[in-house]
There are 2 protein chains.
Amino acid sequence: MSGPVKNNERTRIYDVAAAAGVSVATASRALNDTGRMTEETRERVKQVAAQLGFRPNAMARGLLGKRSFTIGLLTNDTYGRFTLPLMAGISEAPVDRGVSVFLCTIEDDAALAKVHVDALLDKQVDGIIASGRRVDRRLPVDLSNLSVPVVYAFTEGPDDSVTFVSDDAQGSREAVQWLVSRGRRRIVHITGPESFASVQVRARAYQAVIGEQAEIHHGQWSEARGHEVVARLWDGANTPPDGIFCGNDQIARGVVDALRERGVTVPDDVSVVGFDNWEIIAAATRPPLTSVDMNLRELGREAGLTVLALAEGKEVAPGIRCLPCQLVLRQSC
Amino acid sequence: MSGPVKNNERTRIYDVAAAAGVSVATASRALNDTGRMTEETRERVKQVAAQLGFRPNAMARGLLGKRSFTIGLLTNDTYGRFTLPLMAGISEAPVDRGVSVFLCTIEDDAALAKVHVDALLDKQVDGIIASGRRVDRRLPVDLSNLSVPVVYAFTEGPDDSVTFVSDDAQGSREAVQWLVSRGRRRIVHITGPESFASVQVRARAYQAVIGEQAEIHHGQWSEARGHEVVARLWDGANTPPDGIFCGNDQIARGVVDALRERGVTVPDDVSVVGFDNWEIIAAATRPPLTSVDMNLRELGREAGLTVLALAEGKEVAPGIRCLPCQLVLRQSC
DNA sequence: GCAAGATGAGCAAACGTTTTCTCAGCCAAA
DNA sequence: TTTGGCTGAGAAAACGTTTGCTCATCTTGC
């Protein structure tokens, strides 16, 4: 008639301790590989725990004020183009350590963002990763004075934050250099609106390789825009280009389609490279698009590892980390 | 020198109670709108709490064995095509009640799935939503005897489970009927492999409208497949169709492209309808695709509300719930 | 004027861990 | 033998809430 006798659903550490004939304290230490005890005792406890299928209650653990084994991912990319690869990378490392990820999609809605962030803080997340669909825009919420570490991925953070972005300059350089190496001499760049930071970075990298012959066409991020520019280039007085580096895959697909319709052969007459390596577009283009992949998954992985390190109290130098892009070769050049 | 004097980061309910001049118990009851007390007391406590920016610690709450205000979303759709709209819907209602969603992407990997599910159970989630990229495939993990409620969305669950799917039959019917109402007389169906349940459902609905003149072409889910079938139809001996209902938007886009290349005008000569309403494809097609939208967000919303209801102990009758699709009109018919 | 019921509010237990003390036993050095 | 350090292990506090129980006070009906 003494001691807790609850026959609840889950086995608690109390049950393990009782079964192993030790105290709760010893059981806890045995399972966490801390404290001093005979190797034999430790082993016995572990075995009993495994046998009973014991899994520690994360709530109780979290209550002690230590880790909650939980991180939050904030994003305004409801479409998922960037978020899901990122997400896959983020949870890759953490899940092995028992860490789960809260995904919060706030859609440029400051109030919604606040609700989500508050909920995350209530749940004592170990850290937050902020991510967006556009590198040069901040999320509509201030994360700078939170009690938990914050890491930015694919979105702009405050100056002293840890930020992960893809190395668009390197990716663009490789793409253009690849065109050059294929013997292309007149290479133009068709890309998005000048107001995007990534547009500027990519354009500068293109310019650095091409020099003064550089020719940049800004406009919408759409297939239609690809058609438009091709029409202008081929119907104009100047010699049309033999290489086209596009700011994203949608433009590139428009370009390739427009060229095919004009009877211009890709890649024989003109080589085309896209950016984003959006499988659904790049692979369906005829011919399939060579494109720059931003390695979002890897980016997510790094961000996940970093926020975990910060949560564990490790020091991480603030600054912007550029992760390399990779040129994915297909038949368009 | 008496009582807790900790000056920690977060304000606890203890601080609120002290500031309001009541006991912790009263404070708790005041904030939760339970128990008996003067309206004046309740109001005062609430006011003090608001002033101090008090937010209850979710861990402590969860430890009491009640709700954890947390649900898990399991999916094997790493690409995000289906998951993100679903996710947006799922968290819509819950977040207002302070519920956050763990997103777990398991990629047909049973071991990974188990790791994730275990992590979710450790964290005492109130419920789990299982979702997949294919309606007729089960996730590689058994969720049937969990201690928390499970709801299936866009994936197959056990017989006695609560499952949400889109009403593909109704969507297809409306699409085909729309073609008929536009005066189309010879309508064919180009769709994916026969092994997909959704392919069968959509095909049957098509057949039910068209009758014995039905003509179904099974094959890959790709743009290339659209080209292929158009070539076969227009180069064959029979009169080509004047209406085409496609099993997904990729096929539809291939069809429209192929027709344009042959000089067949869409929608004047032939009307085309797609399925999925995948914006990136449907909107970029020339002309833009009319397509069946599965209302994934709404589906997610229902699933979220249902799992919450179950978590609160409400009874929900098992069975398959079909949510209506919606025909989104664009210029392709 | 008194018993009985209603009302407002506090004490303390409970949730399942981790961790700080504390302590008994043992061994070696003096 | 005594002393002191080391080792293995347990008792109990702590984390921040919620809630069952208790109790004093107030109201009401006789």
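In what follows, chains are A, B, ... by sequence order, proteins preceding strands, each numbered from 1.
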Need one value for B:Thr41: base, sugar-phosphate or nothing, where a base atom within 4.0 Å counts as base even if backbone is also close, heavy atoms only.
sugar-phosphate
Next on the checklist: Is it the case that the side chains of B:Lys123 and A:Ser100 hold a donor-acceptor pair, with the cut-off being a distance below 3.5 Å and no angle test?
Outcome noted: yes
Between A:Asp142 and A:Ser144, a side-chain donor and acceptor under 3.5 Å: yes
Are B:Thr26 and C:dA9 close enough that a side-chain N or O sits under 4.0 Å from OP1 or OP2? no
Paired with A:Asp77, the side chain to side chain donor-acceptor pair (under 3.5 Å) test is passed by just one of A:Thr83, A:Thr155, A:Thr105, namely A:Thr83
Across all chains, not counting sequence neighbours, the ring-ring contact (aromatic ring centres under 6.0 Å, His included) partners of A:Phe102 are B:Phe102
The answer to which of B:Leu63 and B:Ser23 contacts DNA chain C further toward the 5' end, by nearest nucleotide, is B:Ser23
Contacts of A:Phe164 meeting ring-ring contact (aromatic ring centres under 6.0 Å, His included) (sequence neighbours excluded), chain-then-number -> none
Which atom pairs link the protein and nucleotides 21-26 of chain D when you take only N or O atoms and keep those under 3.5 Å?
none

Applied to residues 296-306 of chain A, the side-chain hydrogen bond (donor to acceptor under 3.5 Å, both in side chains) test, sequence neighbours excluded, yields A:Glu92-A:Arg297
Notebook entry, point to check: Do B:Arg42 and B:Asp33 have side chains that get closer than 4.5 Å, going by heavy atoms?
Noted result: yes
Sorted by number, residues from residues 118-128 of chain B placing a heavy atom under 4.0 Å from DNA chain D are none
Check whether any side-chain N or O of B:Thr38 sits under 4.0 Å from OP1 or OP2 of C:dG8, and answer yes or no. no
ring-ring contact (aromatic ring centres under 6.0 Å, His included) filter on B:Tyr152, not counting sequence neighbours, yields none
